[in-house]
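Note sheet for the following structure.
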Amino acid sequence: MSANTPRTVTATTDRHNGITNPRTHDVAVIAGDGIGREVVPAAIRCLDLAAARHGFGLAWTEYDWGSDHYRRHGAMMPPDGLDRLHAHDAIFLGAVGAPDIPDTETLWGLLIPIRRRFSQYVNLRPVRTLPGVPSPVRGADTMDLVIVRENVEGEYSEVGGRIYRGEPAEAAIQEAVFTRAGITRVAAFAAELAAGRRGLVTSVTKSNGIVHTMPFWDEVVKQTLAGRPGVRLEKILVDAMAAKLVLAPTAFDVIVASNLFGDILSDLAGAIAGSIGVAPSANLNPERDHPSMFEPVHGSAPDIAGQGVANPVGQMWAGAMMLDHLGEPAAAADVVAAFEAVLAAGVRTPDLGGTAGTEEFTDAVARHLGEAPAQR
Ligand code: NAD
Ligand code: IPM
Ligand code: MN
């Protein structure tokens, strides 16, 4: 089979009675690189079990895109890759990135174009303390926050360039691009989310040092949240935020941040929860004009890839967020409850101080979701 041919890996028939399932969600899978190839199959196994318990099907179409595809074809995905993805209900991504290929090729050849073409302008990243998972930070036991990261503009811009390459006068310019529409929609999403939670939106800024874009961010966030009942806005400089997240991780509810600040704070918050291996992320197109994409916060982790020790919780949790998005909240809750029960029972991967490998951990989660031990 050519690398460009999608492979449907799971039948849409009900395992128990062989009848075609009336409710089937069509999901594109890109396991990608490194540990993405280890944690994606682990998560799919658990999501399939949850789907079977709740009477719906998941039709997975696996795309063999990523760094191997790049090495063979000189591109991370085929030229019509985005069009093909558009046909699916959702995209389930592992991670991309390889030490021998520049990140500008791998990430800007796959992840970033998907986020942008499908207008996935909200990057939703919940972080909370999980049962049985010790935090390296004192007092983080009840941390429960959501980072709403602007996902398609800001500091991640293609505007700029490099001049006088290799000469003493060499220079690089990168322009940050913030738009009123872009800030307004992400701030409105954060406000709505907070209204259904504890009502606090913390907006992360750097308007003391970045004198054009960040004061604009502050202004538009404030205007967007003005007059919203039940929502309180606080503003904090990103450097102070880094310290406060460590010193008072329970002080936050919904954090709204630009693309770069949201990225950095996600890894910090994930680490406070115990490991970036547990942090999930949803790249949402809230209008549902395009498919949304679900992936862990972490990357391809080349330092541990192939060792069978990657923590699959971030990928499983991202899968649960996908089920929720697809209208299957009960199945989503089951997946979360299953990995939480396993963590609470003390089964943990090495990043959390445990000794379980990816497979042992996944076996335990699968058993919670009803898989009989004899099946494998
Ligand atoms: P990383 O997240 O891959 O790894 C950082 C550290 O965390 C490593 O020590 C790694 O072993 C550990 N780690 C990450 N996930 C883990 C898990 N599930 N279980 C246990 N330990 C885990 O970040 P990096 O090393 O900076 O980046 C590696 C590559 O991944 C780079 O090419 C980078 O650009 C790319 N990347 C891709 C994505 C994505 O595809 N969404 C996200 C982040 C980084
Ligand atoms: C993330 C990643 C990406 C980002 C990189 C790999 C481009 O770090 O999703 O958090 O910064 O958006
Ligand atoms: Mn990141």
Side-chain angles (χ1 to χ4, degrees), residues 29-43 65-67 70 76-77 91-116 120-125 127 130 133 136 147-158 257-271 273-284 293-319 339 343 348-362:
V29 183
I30 308 170
D33 302 331
I35 62 167
R37 294 162 177 264
E38 300 166 39
V39 293
V40 165
W65 301 343
S67 292
Y70 183 90
M76 292 292 283
M77 59 181 163
I91 303 161
F92 197 45
L93 175 72
V96 290
D100 60 316
I101 306 173
D103 279 342
T104 43
E105 296 290 319
T106 52
L107 279 316
W108 283 79
L110 195 138
L111 177 76
I112 306 283
I114 296 172
R115 288 176 178 170
R116 288 177 184 213
Q120 296 167 348
Y121 60 84
V122 169
N123 194 332
L124 195 63
R125 300 181 149 185
V127 187
L130 295 167
V133 176
I147 296 174
V148 175
R149 170 191 182 194
E150 200 296 316
N151 208 32
V152 293
E153 58 172 48
E155 305 88 345
Y156 287 48
S157 126
E158 287 165 281
S258 66
N259 212 331
L260 180 63
F261 295 169
D263 176 49
I264 297 166
L265 294 173
S266 309
D267 275 34
L268 178 57
S275 162
I276 64 166
V278 301
S281 134
N283 301 267
L284 298 177
M293 175 164 66
F294 301 82
E295 55 166 343
V297 166
H298 66 74
S300 56
D303 56 336
I304 58 162
Q307 296 174 19
V309 295
N311 190 337
V313 168
Q315 191 78 49
M316 289 176 183
W317 194 349
F339 68 66
L343 290 169
R348 274 176 254 160
T349 44
D351 57 313
L352 296 175
T355 55
T358 311
E359 191 168 343
E360 183 188 338
F361 183 86
T362 307

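These numbers come from a predicted model, not from an experiment. Both counts, for ligands and for their atoms, begin at 1 and track the order of listing. Values below: all heavy atoms of this structure, side chains included; hydrogens, waters and symmetry mates excluded.
Taking OG from S266 and NE2 from H298, the interatomic distance works out to 13.0 Å, rounded to the nearest 0.5 Å. Of the inter-residue distances, the one linking Y121 atom OH with N283 atom CG reads 13.0 Å to the nearest 0.5 angstrom. Here T104 contributes atom OG1 and I112 contributes atom CD1; the two are 11.5 Å apart, rounded to the nearest 0.5 Å. Note that CZ of F294 is 9.0 Å distant from CD1 of I91, once rounded to the nearest 0.5 Å. Annotation: the span from L284 atom CG to M293 atom CE amounts to 10.5 Å, rounded to 0.5 Å. The CG atom of D263 lies 4.0 Å from the CZ atom of R149; values are rounded to the nearest 0.5 Å.
Looking at atom 41 (N) of ligand 1, its nearest protein heavy atom turns out to be E295 OE1, 2.9 Å. Closest to atom 21 (N) of ligand 1, if we only count protein heavy atoms, is I304 CD1, 3.5 Å. Residue, atom and distance of the protein heavy atom nearest to atom 3 (C) of ligand 2 are L111 CD2, 3.9 Å. For atom 16 (C) of ligand 1, the nearest protein heavy atom (residue, atom name, distance) is I35 CD1, 3.8 Å. Atom 8 (O) of ligand 2 has D263 OD1, 3.2 Å as its closest protein atom, hydrogens excluded (heavy atom only). Nearest non-hydrogen protein atom to atom 14 (C) of ligand 1 is H298 CB, 3.6 Å. In terms of protein heavy-atom proximity, atom 6 (C) of ligand 1 is nearest to I276 CD1, 4.3 Å. Scanning the protein for heavy atoms near atom 4 (C) of ligand 2, the closest one is R149 NH2, 3.4 Å. Of all protein heavy atoms, the one closest to atom 18 (N) of ligand 1 is N311 O, 3.0 Å.
An N or O contact shorter than 3.5 Å links A301 to ligand 1 by distance. Below 3.5 Å of separation, one finds an N or O of Y156 facing an N or O of ligand 2. In terms of polar-atom proximity, D303 is counted as a contact of ligand 1, with an N or O under 3.5 Å from an N or O of the ligand. Checked by distance only, ligand 1 and V96 come closer than 3.5 Å through their nitrogen or oxygen atoms.
Within the 4.5 Å cutoff, the side chain of M76 has no heavy atoms near those of the W65 side chain. Counting heavy atoms from C-beta on, the side chains of Y156 and N151 never come closer than 4.5 Å. The shortest distance between side-chain heavy atoms of N259 and E153 does not fall below 4.5 Å.
Shown here, atom 9 (O) of ligand 1 is in close reach of the protein: a heavy atom of it lies under 4.0 Å off. For atom 26 (O) of ligand 1, the nearest protein heavy atom is 4.0 Å or more away. Remark: atom 12 (C) of ligand 1 lies closer than 4.0 Å to no protein heavy atom.
When heavy-atom distances to ligand 1 are checked against a 4.0 Å cut-off, L107 comes that close only through its side chain, counted from C-beta outward.
Listed by first and then second residue, the salt bridge (charged side-chain N to carboxylate O under 4.0 Å, His left out) pairs involving residues 295-304 are R115-E295 (not counting sequence neighbours).
By heavy-atom distance, the residue among G299, G97, S300 lying nearest atom 29 (C) of ligand 1 is S300. With atom 9 (O) of ligand 2 as the reference point, the heavy atom nearest to it among R115, E155, E295, H298 is part of R115.
Listed by number with element, the atoms of ligand 1 under 4.0 angstrom from any heavy atom of A310 are 19 (N). Heavy-atom proximity to D103, at under 4.0 Å, picks out these atoms of ligand 1: 31 (C), 32 (O), 33 (C), 34 (O). When each atom of ligand 1 is checked for a heavy atom of A95 under 4.0 Å away, the hits are 40 (O). Heavy-atom proximity to P302, at under 4.0 Å, picks out these atoms of ligand 1: 28 (C). With ligand atoms numbered from 1 in the order given, ligand 2 contributes 1 (C), 9 (O), 10 (O) to contacts under 4.0 Å with heavy atoms of R125. Residue L107 has at least one heavy-atom neighbour below 4.0 Å for each of these atoms of ligand 2: 6 (C), 7 (C).
Under the side chain to side chain contact (heavy atoms under 4.5 Å, CB included) criterion, R37 pairs with A31, D68, sequence neighbours left out.
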Problem - Trace of the side chain to side chain contact (heavy atoms under 4.5 Å, CB included) decision for I35 with T358 - result: CA-CA 10 Å; I35 62 167; T358 311; over 6 Å; no

Exercise for the section: Test L130 against L352 for side chain to side chain contact (heavy atoms under 4.5 Å, CB included), laying out the working first. Expected result: CA-CA 11 Å; L130 295 167; L352 296 175; over 6 Å; no

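For the side chain to side chain contact (heavy atoms under 4.5 Å, CB included) test with R125, the passing option among V297, L265, V148 is V297; the others fail.
The main-chain N or O of V40 is never found under 3.5 Å from a side-chain atom of E38 such that the two would form a donor-acceptor pair. No donor-acceptor pair under 3.5 Å is formed between the side chain of D33 and the backbone N or O of S300.
For the residue pair T106 and S67, the shortest heavy atom distance occurs at CG2-OG, 3.5 Å.
Any protein N/O/S atom under 2.8 Å from the Mn ion (ligand 3) was counted, giving 1 altogether.
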Let me have the donor-acceptor pairs involving side chains of residues 308-319, under 3.5 Å, with sequence neighbours excluded, atom names and distances please.
{"unit_1": "N311", "atom_1": "OD1", "unit_2": "V313", "atom_2": "N", "d": "3.0"}
{"unit_1": "N311", "atom_1": "ND2", "unit_2": "T349", "atom_2": "OG1", "d": "3.2"}
{"unit_1": "N311", "atom_1": "ND2", "unit_2": "D351", "atom_2": "OD2", "d": "3.0"}
{"unit_1": "Q315", "atom_1": "NE2", "unit_2": "L93", "atom_2": "O", "d": "3.0"}

